Every structure is written in structure tokens, then in C-alpha cells.
Protein chains: 2
Amino acid sequence: MTATGGAEASRASSPLGILATDRVVRGRNGRRGMPERNSVTLADVAKRAGVSLATASRALNGSARTVRQDSLDRVHAAALELRYSANLQAQAVARGTTTTLALVVGDIADPYFAGIAAGAIRAAGEAGLVVTITSTEGDPAREASVLGVVSGLRPRAVVLALSRRLGASDEVAAAVSGLVAAGAGVSALVSDLVGADPVGADPVGADLVGADPDAEGVEGVRGVQPLVIRNRSGAAALAGALVEQGHESFALLAGDPQLVTARARVDGFVAGLAAHGVGVPDGAIVPSEFSRDGGYRAMSSLLDAAAAGGPALPRCVFAVTDLMAVGALAAIRDRGLVPGADVGVAGFDDVRMLADVVPALSTVRLPLEEIGARAVRRALGVETDGAVDGEVVLRASTAR
Amino acid sequence: MTATGGAEASRASSPLGILATDRVVRGRNGRRGMPERNSVTLADVAKRAGVSLATASRALNGSARTVRQDSLDRVHAAALELRYSANLQAQAVARGTTTTLALVVGDIADPYFAGIAAGAIRAAGEAGLVVTITSTEGDPAREASVLGVVSGLRPRAVVLALSRRLGASDEVAAAVSGLVAAGAGVSALVSDLVGADPVGADPVGADLVGADPDAEGVEGVRGVQPLVIRNRSGAAALAGALVEQGHESFALLAGDPQLVTARARVDGFVAGLAAHGVGVPDGAIVPSEFSRDGGYRAMSSLLDAAAAGGPALPRCVFAVTDLMAVGALAAIRDRGLVPGADVGVAGFDDVRMLADVVPALSTVRLPLEEIGARAVRRALGVETDGAVDGEVVLRASTAR
DNA sequence: CTGAAAGCGCTAACAC
DNA sequence: GTGTTAGCGCTTTCAG
């Protein structure tokens, strides 16, 4: 190996010329303890094509400079023969700019984030970027460290699709502003939690909203392009549609009240009902985990309470997530009741995988892939539309 | 800016010393047309801490060399104040090794791949690697180009979770062997399509299996660590369990016969039945798209045929995917029949999201996240167990 | 223990 | 049009 290295190196031109005698013996691959560097480099290609490094570089990557057809062909041929593949890292260092888009998600196994990721990967690919996905695994404590490695990547752009919580620590905001300062385009998925919603009615429970909306996270950081998912107004619209369908008494399976998304949906639904003159009784907003089982449990507690002679069972239940709605369906069925008939259930998201649950779920459809794609375009600064709406879809689960 | 650059540069030591006079005026950030380079560099930190670059480097990254506590503290302090974050790309170039693991999937929106991705991200994180995900979007034609960019990334390891098709082009194999040659650890998810299965019976339709199993794709490439998903034996076990449950007549919703995974499951199921003395009549293996709608259509054609006085409806149907099984359920229901009672349906995968379909699906559970994690460990060479088994789960959809 | 300096693979001035 | 060479930000010898 040293021998090979030496052969190579004897042609190496050292900036020190004559001085470089004994060191030069150890050329590429000669550094002790180094992992083998055995890929083909541009220099190899250039040598083989009989042109300079610069020409080879110009030939293989879109440089403004033109290269004579002749050399161009030779370089391409050499590259092909040698199976040359440009080292993107080195390119990035030299160019001072990467071809990486970082996507940070709460949990990639969640179909919500998976859908967004699919859209993001597609859109990024169209822009010639590769996507790196990091996951906080639902743990807010991990957000800061994840953003740390993200910033080490020096991504060209970053999309933040986190499960934001009210009153989040703002290490995160600091990290994000660092990213922005480093020149990355950043976009963040956020909710239309406060205001911005024309439904009118004063949001019940507005006092629970994080004290200072502006300090409330990533979306407040200068330079971040938010993409607001109109959870609140979508939920409000759903509420209105259900009332118009004839439903009169409601309960909410609210999920984790600290989660911004859950909060926005709850607020919006309540506001939507209020706008139609329908109130929500005390105890009808039941918190739980933000999961299928959470939905099951919350629904069960409602059923238990009614069975125990407490508040009457509402005719319709809104779960802030399709997954929670499915849990609710199961709970209802486990009590011997008929979901849809005895008690209506609506969800949110319209995750495709759940298209066949019976009864079919009324919900608010969110165009997940489009959201992901739009978010990357926002991060890249080529998308001006900063909001996406859900679409109310009424199905059998709330038919009366 | 140039002024600042100049101040910087006056200290810059050029290997050419005296010659470097007028050019040096343009220091960092001075290159024309360059995107701003405004992040903090190691040099900044070193200067601020009053130590050399080398020392700063040694202090901040686990070098074997030790650094005096004193300088160590100063460097860390400086790094903190400056919000320094090491440029991973530059590190990679200098070290000749990256901290990147590339995951190539068919479609990240598919819960199957999403589950695998989640496990992979977790395991990679534990190994200090960041994951870049690229997707072929189900298009085999894209595989080669995707692998091209992957190899430009010079990943430390790569996990291939592709929807392999029989008789695939071997551009892919070439690309993969390039990756291996470049020193990346590669692992690929594959099926126990041929042999390797103790079920005994001669696999019906073995003639359809790609001509030369060894040339049959990525798994044949030297240096690739396969992780075999025992689709075939899982399906065989399911078949056995169903027969023992009393089912006697079967049909298969086979999905796309070109997809290795689908093929393995079909073959296994047929073999499993054969091992119990049960045959599969002609026309009872119906191909379709590898999707929910494919399942719906395939099941519909079975129902149509029976209604038209063709072959009797089988008592039990095996869909090669849970998703297809759900489609089948819907088709059955749409004909006014009761799935589970009139005709049993079994799936494969046990995707969690479908836990609440009614009737609950009999299936073969695959530990998706574990598969993802295991695959990265295989790629990193720290996992010797190269196979994962599914687990038969019998539920209401095939209760008699 | 520390610093100077030679690279890593590639790009982009700058001369020719 | 092409070659030379100074960098990019970082690591790691090698000599103190």
C-alpha cells in the first residue's frame, strides 16, 4: 500500500516543491490510521483525460465557462470508465453551499409526518436537493440537540415539522436563529392558533393559550417562513358543518392540551360551535394522550360517566385526530353501542390509510404531501402562499 | 466586507509566503459571487481562545491527543460564546469519512417503509449518524439515479429498502458495488424468495422465479449484508395456521407478481397449503396492483366470477398485504356479504394503523422498526443475525 | 502539550 | 479554452 501511495505521490506537486522529499513518500491513502480512501477523485479523471483539474471540473459540473467539445468528451469518457462520482461534501466545502435540505420531524412513523416527508422529499428532489431526516422522537428535550446536528450539516434549507408544545423552551428558537444567520432558508409548520380566524366567536379557553404568542416558538424567529396549517379554522368549519347536519350536543376528545396542534383544533371547534349558538358543557372537553389509545380512553371515560348517571352522552364527538377518532369508535363499539348511529364521531387529518374504517370517518382533510412540498418551497423562498386549509369531509360516522 | 476580510487575511499564512500580496487582500467571504459565508469557523474560535487551530480542533473533537485543561476550557468557552458548530462536511472531507447513513426507500409515505425508517433513524442516531432518506418513488427507473446521488454523499453506511422487482436492471447492482468499493457498509432488505425455507413443499410456480437467483439483484453483490425478511416462511406459517383453524378453500390476492415481496408471500402461502395437503385451484391466484385498491379490485373479480357461476367463492382469502386485505374487506362488504363470516380475509404486515379495522385482521406481524434498526446495524457490521421472522396473528377476520 | 503546515476533494479566480 | 494555484473548514502529522 505504501508502495502504491509512493507511486502516486511521486507525481504529486507540493506547494513546497523541492523541500517535500521524504514526506511525499506517503501520498493519498498514506496517512497513518486513516480509513482507506479508495474512491476515484477528480484528479484521477483529469489525469486520465489528459486535462487539468480545472477543466475536468468545468466539464463535469455546470460551470459558466465553456470547455472545448473535444476535452469535454474525453473527460466524460474518463469519468465513466473510472466510475467517478463527485464528492458532494468536498463540493459543498469548496462552494460554500450544500445541496442538503434538512427535515426535522416529530416521528417519522406517524403517517402525518410520513406524508409530509414524502412531499418534502419529492419537492426537494425537484430542486436538486437531498433530504436528511432527523427525528426528535416526540421528545421536546431532544429538539435542541437535533437542531445542533442539523446546523452542523449546514443545510441549504430546513423544514421544521415538530410537535410544538405551548411554552416551549427556547433553546430551539436560538438554534433556529443560528441556522437563519448561517444563511439557511427555514420554514416551519405552525398552527393558526391565535386570531387569524374569521369565525368570530371569542375562543373559549383563550386564557389557556400560551402567555405570549410572539415568544411562542420557532415561528417568531426572524427569517423563518411559517407555513400555517389552518387547524383552527378547519375545526371551526367542521363544527359548523356538523351543526348544520343537525347535531346539537357535542364532546371533544382533546388530546394533549399542551400540543399546539391539539389546542388549535379544540379552540377552533369550540369557536365554530359558538358561532352557531351551540355551547360546550363543562367536562365535555376531555384531554388524553395524542394517540389512538388516548382516544379510546377519553371516549371510555365519557361513556362511563354517562353510564354512571353523569352528563348525558353527547350525540357527537370530535376527536382532534383521525387516529383518536378510531380509538373512540372502538370504545363505543366495546360498550355495545353503534358508532355513527348512537353517537357520531368526527376526526381530523383524513389519513388515507384509515379510508376503510367503518363507519367512514367524517373529518377535515389535510393535503399532507402538498404541505411537505409547500414547506420546502417556502424554505427555498419560492412560495409565497403561507397557509394551507383543510377541507371538511362528511361521511357516515356522523350521519344522523 | 472587504475591509474585514483584509484584516483577517493579513494574518493568513500562505504556503507561498512573500508572493501572496495582492490576492490576499480578499480573505474569507471575499470571493466574488460566493454566497455569504457567515458561520463561525474553528479559526474564529481558536483565535478567540488564543490557541492554535490544532489545539482548538483537539479540544472540541475527541482527539486521541490530550489538551491542557486550561486551554480546553478556554476553547470551550470561546466556542460557546461564538455559538460555534463544526462544519460536518468539512470534517468529512478532512477525515475522509462521513457521519451519514443513507436510507433508500421505495416510498416513505407507505407505512411499511415509514416504520422501517423510524427504526433506522433511531439506530443510526445511537451510532452517531445522521440519516439521509432518498426515495425512488416506486419507480425502478429512478433507482440508478438515486443511487448516484447517494454515492456522492459518501455515506458511511447505506440501507436499501427497495421494492425489488424480479429481473431488475443491474445498473443498480453496479452502483451498489461501487458503494461497497468506496468503503460504505451496505445492507439490503431482501426476501427469502428461493430455497432457505424449510416448509418442504416444492414451491408452486417456482418456474416464475427470476432465472438466476444469484444475479437477481443487490443481494448478490459482494460485501452487501442482506437482512432477509422471511416473507415466504411467514406466509407458509399463516397458511398452516388457517388450515388448522378449519379453512379448506383459498384464494390469493397476489398483488404485483413482479414484486419480489409479493412473490415470496404467494409462494410461501401456496407451499404452506401444500404442506397441509391443500391445493390452490386455477385462477385462484389473482394478480393486481400492490395497493388497497388493487386488493379491492382483485377481490371484486373473485366475487364477480363466483356470482357469474364460475368457481365457487373460497372460504378464505389471503391478501399479500394488510392494505390489500382492507380493500378486500371493503369489496366483500360492498357485495352485501359479511367479511369474516361469509369469507375470511387475512393480510400480511400487521400495520399498526389498521389495528381497528372491523373485523380485526388475521395477519403476519412484521416488526418494522426493529427491521429498520437491525438493517442499520447490519450495514455497520455490528449485527450478525441476518434474518427476521414474522409472527402469525389470528384474529376475527378469519374466525370461522 | 502545542503550533505550523500539509493535506482532504473540489471550485473559481487569474493569468496565459 | 485551459492550466495554476489559492482557498473552503477541518484534521493530523511532525517538530518542537
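Naming: A, B, ... by sequence-line order, numbering from 1 per chain. Predicted, not measured: the structure shown is a model, and the values here were computed from it.
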Value in whole Å for how far the P atom of dG9(C) lies from CZ of R154(B): 9 Å

Which nucleotide in the set dC1(C), dG3(C), dC10(D) lies at the smallest distance from any side-chain heavy atom of T66(B)? dC1(C)

Closest to the 5' end of DNA chain C, once T55(B) and A86(A) are matched to their nearest nucleotides, is T55(B)

side-chain hydrogen bond (donor to acceptor under 3.5 Å, both in side chains) pairs, two or more places apart, involving residues 75-84 of chain B: R48(B)-E81(B)

Whole-Å gap separating C1' (dC8(C)) and CG (L88(A)): 15 Å

Picking from dT11(C), dC8(C), dA4(C), the nucleotide nearest the side-chain atoms of L42(A) would be dT11(C)

Walk me through whether D44(A) and T41(A) qualify under side chain to side chain contact (heavy atoms under 4.5 Å, CB included). CA-CA 5 Å; D44(A) 298 332; T41(A) 73; 3.5 Å; yes

Taken to the nearest whole Å, CZ/R95(A) to C1'/dA13(C) is 16 Å

Spacing between Y84(B) atom OH and dG9(D) atom P, to the nearest angstrom: 10 Å

So if I take residues 68-79 of chain A and measure heavy-atom distances to DNA chain D, which residues fall below 4.0 Å? R68(A), S71(A)

Rounded to the nearest angstrom, tell me the gap between atom CG in N61(A) and atom P in dG9(C). 16 Å

Separation of atom CG in L60(A) from atom C1' in dA12(C), rounded to whole Å: 16 Å

Look at the side-chain N and O atoms of S57(B) and state whether any lies under 4.0 Å from the OP1 or OP2 oxygen of dT11(D). yes

T134(B) OG1 to L147(B) CG distance, which is reported to the nearest 0.5 Å: 7.5 Å

Taking only the side-chain heavy atoms of L53(B) (C-beta and beyond), determine which of dG9(D), dT11(D), dG3(C) contains the nearest atom. dT11(D)

Hey, are S71(A) and T55(A) close enough side-chain-wise for a donor-acceptor pair under 3.5 Å? no

Quick one: does R378(A)'s side chain get under 4.5 Å of P226(A)'s, heavy atoms only? yes

If you only use heavy atoms from C-beta on, which nucleotide in dT11(C), dT12(D), dC10(D) is closest to the side chain of R58(B)? dT12(D)

Compare side-chain N and O positions of T41(A) against OP1 and OP2 of dG9(C) and report whether any pair is under 4.0 Å apart. no

What I'd like to find out is whether the side chain of V159(A) reaches to under 4.5 Å of the side chain of L101(A), using heavy atoms alone. yes

Please collect all side-chain hydrogen bond (donor to acceptor under 3.5 Å, both in side chains) contacts where either partner lies in residues 179-189 of chain B, sequence neighbours excluded, each pair once. none

When you get a sec, tell me which of dC10(D), dT11(C), dG3(D) is the closest nucleotide to the side chain of A94(A)? dT11(C)

Any side-chain N or O of Q91(B) below 4.0 angstrom from OP1/OP2 of dT11(D)? yes

Is N87(B) close enough to dC8(D) that one of its side-chain N or O atoms is under 4.0 Å from OP1 or OP2 there? no

Respond yes when some side-chain nitrogen or oxygen of S52(A) is under 4.0 Å from OP1 or OP2 of dT2(D), and no when none is. no

